Amino acid sequence: MPELPEVETTRRGIEPHLTGHRLGKITIRERRLRWPIQEGLEGLLHGHVVQQVRRRAKYLLIELGHGTLITHLGMSGSLRLVEPGTALRKHDHVDIRLDSGLSLRLHDPRRFGALLWTDEPIENHPLLARLGPEPLEGGFDGAYLYGALHTRKQAIKSAIMDSHIVVGVGNIYANESLFLAGIDPRRACNRIARHRVIDLASRIKQVLAAAVEQGGTTLRDFVNPEGQPGYFQQTLNVYGRPGLPCPSCATPMSHTLIGQRATFYCPTCQR
DNA sequence: CAACGGACCTGCCTGC
DNA sequence: TGCAGGCAGGTCCGTT
């Protein structure tokens with residue numbers, strides 16, 4: 001479900017309800033996420049005050065002063081704030097009670113998500129230590145992207161989805177960025193002119209920033225922590241539109257698989 | 001190293 | 001209606 005814009009939308013939704021608030025009772029109903037939730041996590045969290053809620057890549061980092069709760073939503077995870085007594089749905093795995101009376105509720109049908117604890121400096125955590133730059137920050141620009149890609153032979157789409165190169169670009173926004181840049185998603189990285197890679201970096205920033213602005217993309221069921229959908233799907237040019245006319249030239253959109261992921265592109269505009 | 005495929009899960013949709 | 005098969009917004013890990 002979530003790519004960077006959806007995770008950032010989630011962060012913005014939960015942050016004001018968490019920062020400065022004390023955590024109360026922690027209820028864990030299902031520990032089998034991508035990695036099992038560690039025994040005793042309840043005791044590590046209970047009674048502590050949230051200092052800050054940050055995001056790194058698609059990880060949400062809830063900082064408690066004596067350590068950090070690391071959350072990942074995987075493919076199907078969501079975090080919502082619920083009123084006391086809100087009925088449980090299937091796959092509501094964790095509730096974290098807040099001193100406001102609300103609870104932060106983790107829901108994740110496929111259980112590809114994660115809930116981890118670390119008391120080390122967060123940048124040292126093995127899952128975060130080797131990540132590439134944030135696409136919406138200064139460490140990511142055209143010169144960086146060209147430097148990272150120009151010797152690679154893999155398909156450009158796979159490369160921009162590789163979190164060691166740049167984080168946060170998932171399947172939807174990889175497809176959309178390549179459409180705006182006019183680049184065939186199958187094209188080998190080392191066969192793309194420098195000026196086109198530089199343009200691609202801008203397009204990635206453009207697409208992600210616009211999607212954050214619109215609260216993310218709701219394809220099936222993404223909702224922000226207040227329960228509202230995102231609106232960026234109205235802006236999608238290629239994702240999920242095989243056979244429909246290209247918005248630019250009206251050629252029917254092509255559909256293929258790259259790295260096992262659904263790929264959509266215009267065979268005329270993207271070269 | 002770079003690149004690729006498999007693995008982890010449930011739900012939903014399609015087609016027989 | 002039932003059931004098999006395929007697909008879904010992520011990403012780690014093992015193998016070439």
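Small disclaimer: the values here were computed from a predicted structure and weren't measured. By convention in this document, chain letters (A, B, ...) are assigned in the order of the sequence lines, proteins followed by strands, and residues within each chain are numbered from 1. Hydrogens, waters and symmetry mates play no part in the numbers below; they use all other heavy atoms, side chains included.
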Are any of the side-chain nitrogens in A:Glu134 or A:Arg56 under 4.0 Å away from the carboxylate oxygens of its partner? yes

Atom pair distance, as rounded to whole Å: CD in A:Glu3 and C1' in C:dG10: 9 Å

Please compare A:Arg111 and A:Ser158 by the position of their nearest nucleotide in DNA chain B and report the one closer to 5'. A:Ser158

Who clusters with A:Val49? Use side-chain heavy atoms, under 4.5 angstrom, across I, L, V, M, F, W and Y, and order the result by chain and number. none

Here DNA chain B, pairs taken as Watson-Crick or G-U under 3.5 Å and shown with ( ), [ ] when crossing and | when to another strand, reads .|||||||.|||||||

Running the 4.5 Å side-chain criterion over Ile, Leu, Val, Met, Phe, Trp and Tyr, what cluster does A:Ile258 land in, apart from itself? none

Regarding A:Arg34 and the six-membered ring of A:Phe112, is the cationic atom NZ or CZ under 6.0 Å from the ring centre and inside 45° of its axis? no

For the rings on A:His66 and A:His48, is their centre-to-centre separation under 6.0 Å? yes

Just to verify, which of A:Val223, A:Leu60, A:Asn224 counts as forming a side-chain contact (heavy atoms from CB on, under 4.5 Å) with A:Thr10? A:Leu60

In the hydrophobic clustering (ILVMFWY, side-chain contacts below 4.5 Å, transitive), which residues join A:Leu128, or is it alone? A:Trp35, A:Tyr59, A:Leu61, A:Ile70, A:Leu116, A:Ile122, A:Leu127, A:Leu131, A:Val167

Contacts of A:Ala155 and A:His91 projected onto DNA chain B by closest heavy atom; the upstream (5') one is A:Ala155

Using the P atom in both, what is the distance from B:dA3 to C:dG9, to the nearest Å? 22 Å

Sticking with atom P, work out how far C:dG14 lies from B:dC9, rounded to a whole angstrom. 16 Å

For DNA chain B, which nucleotides open and close the run of contacts to chain A, 5' to 3', at under 4.0 angstrom from a non-hydrogen atom? B:dA2 to B:dG11

With respect to A:Gln270, which candidate in A:Ser248, A:Cys246, A:Pro185 satisfies the side-chain contact (heavy atoms from CB on, under 4.5 Å) definition? A:Pro185

Tell me which nucleotide among C:dC12, C:dG10, C:dG9 gets nearest to the side chain of A:Glu6. C:dG9

Produce the list of close N/O pairs, under 3.5 Å, pairing protein atoms with atoms of nucleotides 13-16 of chain C; give distances to one decimal.
none

Does A:Arg110 or A:His164 map to a spot on DNA chain C nearer the 5' end, using the closest nucleotide for each? A:Arg110

Check: A:Thr151 main-chain N/O paired with A:Asn190 side-chain donor or acceptor under 3.5 Å: no

